[in-house]
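Naming: A, B, ... by sequence-line order, numbering from 1 per chain.
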Protein chains: 2
Amino acid sequence: MNTASSLKSRLTRAQKQIHCLLEQSGETLTAQAIYQRLKDQQQMLGLATVYRSLRSLQIKGLAQARALPNGEWAYGLTSDDSHYLTCLNCGTSVPVEDCPVHSLEEKLGQSSHFQIFYHTLEFFGLCAPCTGRLEAESP
Amino acid sequence: MNTASSLKSRLTRAQKQIHCLLEQSGETLTAQAIYQRLKDQQQMLGLATVYRSLRSLQIKGLAQARALPNGEWAYGLTSDDSHYLTCLNCGTSVPVEDCPVHSLEEKLGQSSHFQIFYHTLEFFGLCAPCTGRLEAESP
DNA sequence: ACTAATAATGATTATCATTCTCATTCTAGT
DNA sequence: ACTAGAATGAGAATGATAATCATTATTAGT
């Protein structure tokens, strides 16, 4: 039995619910959104438990987080390898298809002493409408 | 004159001070740290102004931000292309030398309608000490 | 099954980085 | 120098997340 699987071993009820929700929804969700959705489907968890469980899932290598421009975090499963291009002005995000990072991740896993669970790769700039707007404002 | 340079055109006093500080320090700094350092060197700016200026510098393509695990943001210049490997348990960060993302960034800049200023690339997992500690705790 | 010990949960409160507000000060163009 | 309009500062407001602690569920040992 390897390290990862022993850490993943037992999940609490709350952790299972959240893992399951992330699996079903397919998209990434904020902690507050997870709280709401569970409440809506009569699986109510305390907000504190949602945060605690998300942290535990991360440490077990099952969940990942990316920071949104507004300061919130979006959570998803580590099996999901999606990345985004985000406008610094309006916050619009569009998905990026390519991901050239896997070979580097493997190399790092061997050379560093870290056990790597996931990576984030995000691009930032201005979307076309915002570029236009900002140029118009500051001639 | 291209889009980027026109946006970068004029910097306010506060924006210049912060840009200069980031240039000198060489490391990335949180907004609160920037506020403190400027105060220490008798260049005091209001906290609101620090935040406003950082946002403006980002939109002008001069500064970039990466989210720290504790919810703060670390700011640096876009000319700095450094990336990190961070422990999900204790927050320790170590720099990653390689960066295989540039060719993708160029390709995206052409195919998407975004004007891309910078990217973040972060790896997350457990450092060796934390892996040991967590295994000891949950046998 | 029963009980003691341990871990998980929920309700509430506290924290703290960031944003908002608005009165004041600076700046650019005339 | 004068006058918009932008920039700034002080302080209050916001809101996501973390901490606290009493209660409930789970586990392990008998």
Side-chain angles (χ1 to χ4, degrees), chain A residues 7-21 28-39 42-60 62-75 88-91 133-134 136-139, chain B residues 7 9-21 28-39 42-60 62-75 88-91 133-139:
Chain A
L7 287 177
K8 289 175 193 175
S9 51
R10 291 186 305 285
L11 296 186
T12 67
R13 176 170 56 87
Q15 287 162 24
K16 277 181 206 150
Q17 284 176 231
I18 291 174
H19 187 274
C20 187
L21 175 63
T28 61
L29 297 172
T30 64
Q32 304 279 346
I34 290 170
Y35 173 75
Q36 274 304 327
R37 294 221 184 170
L38 288 175
K39 189 194 278 182
Q42 317 292 331
Q43 295 197 277
M44 174 90 176
L45 287 178
L47 200 45
T49 303
V50 170
Y51 281 102
R52 273 188 294 240
S53 302
L54 283 170
R55 167 172 299 209
S56 298
L57 286 172
Q58 278 192 90
I59 289 179
K60 290 175 192 206
L62 294 172
Q64 67 178 128
R66 82 179 173 108
L68 303 178
N70 68 2
E72 285 184 277
W73 295 79
Y75 297 89
L88 290 163
N89 191 235
C90 65
R133 272 194 288 276
L134 292 169
E137 284 169 16
S138 66
Chain B
L7 287 177
S9 51
R10 290 186 306 285
L11 295 187
T12 66
R13 176 169 57 86
Q15 287 163 24
K16 279 181 204 150
Q17 284 176 231
I18 291 174
H19 187 273
C20 187
L21 176 62
T28 61
L29 298 172
T30 64
Q32 304 280 344
I34 290 170
Y35 173 75
Q36 274 304 327
R37 293 221 185 172
L38 288 175
K39 189 194 280 182
Q42 318 291 331
Q43 295 197 275
M44 175 88 176
L45 287 178
L47 201 42
T49 304
V50 171
Y51 281 101
R52 273 187 294 238
S53 303
L54 283 170
R55 166 170 300 205
S56 298
L57 287 172
Q58 275 188 271
I59 288 179
K60 290 174 193 210
L62 294 173
Q64 67 179 128
R66 79 178 174 109
L68 303 178
N70 68 3
E72 285 185 277
W73 295 79
Y75 296 90
L88 290 162
N89 191 234
C90 66
R133 270 194 289 276
L134 293 170
E135 276 173 2
E137 283 167 17
S138 65

*Asks:* Could you check how far CG of B:N70 sits from C1' of C:dA17, rounded to whole Å?
*Replies:* 9 Å
*Asks:* Please give, in whole Å, the distance from D:dT8 P to B:L11 CG?
*Replies:* 11 Å
*Asks:* At what distance, to the nearest 0.5 angstrom, does CD of B:Q36 lie from CG of B:L29?
*Replies:* 12.0 Å
*Asks:* Toward the 5' end of DNA chain D, which comes first, B:V50 or A:A31, by nearest nucleotide?
*Replies:* B:V50
*Asks:* Quick check: closest heavy atoms across B:W73 and A:A67, and the distance to 0.1 Å?
*Replies:*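 Heavy atoms only, the tightest pair is CH2-CB, 3.8 Å.
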*Asks:* Would you mind reporting whether B:L45 and B:R13 have side-chain heavy atoms less than 4.5 Å apart?
*Replies:*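 Sidechains of B:L45 and B:R13: in contact.
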*Asks:* Check the distance between D:dT8's P and B:R13's CZ and give it to me in whole angstrom.
*Replies:*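 Value for this atom pair: 6 Å.
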*Asks:* Grab the CG-C1' distance between A:L47 and D:dT17 for me, whole Å please.
*Replies:*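 Result: 8 Å.
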*Asks:* Check the distance between C:dT19's P and B:Q32's CD and give it to me in whole angstrom.
*Replies:*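 Distance check: B:Q32 CD to C:dT19 P gives 11 Å.
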*Asks:* May I ask you to verify if any side-chain N or O of B:T49 is less than 4.0 angstrom from the OP1 or OP2 atom of D:dG9?
*Replies:* yes
*Asks:* Below 4.0 angstrom from OP1 or OP2 of D:dT17, is there any side-chain N or O of A:Y51?
*Replies:* yes
*Asks:* Round to a whole Å and report the spacing from CE of A:M44 to C1' of C:dG10.
*Replies:* 8 Å
*Asks:* If each of B:R52 and B:Y75 is mapped to the nucleotide of DNA chain C with the nearest heavy atom, which maps nearer the 5' terminus, i.e. the 5' end?
*Replies:* B:Y75
*Asks:* Of all the nucleotides listed (C:dT18, D:dA10, C:dG10), which has the minimum atom distance to the side chain of B:A48?
*Replies:*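 Among the listed nucleotides, the one closest to the side chain of B:A48 is D:dA10.
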*Asks:* With a 4.0 Å limit, can you tell me whether A:R55 has a side-chain N or O closer than that to the phosphate oxygens OP1/OP2 of D:dA18?
*Replies:* yes
*Asks:* Give a yes/no answer on whether the side chain of B:T12 brings an N or O atom under 4.0 Å of OP1 or OP2 in D:dT8.
*Replies:* yes
*Asks:* Look up atom OG1 in B:T28 and atom OH in B:Y75, then write down how far apart they are to the nearest 0.5 Å.
*Replies:*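 Answer for the OG1-OH pair, B:T28 versus B:Y75, is 11.0 Å.
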*Asks:* Can you tell which of A:T49, A:L57, A:L62 makes a side-chain contact (heavy atoms from CB on, under 4.5 Å) with A:Q15?
*Replies:* A:L57
*Asks:* In whole Å, I'd like the distance from the CG atom of B:L45 to the C1' atom of C:dC26.
*Replies:* 14 Å
*Asks:* Starting at atom NZ of B:K16, determine the distance to atom P of C:dC26, rounded to an integer number of angstrom.
*Replies:* 16 Å
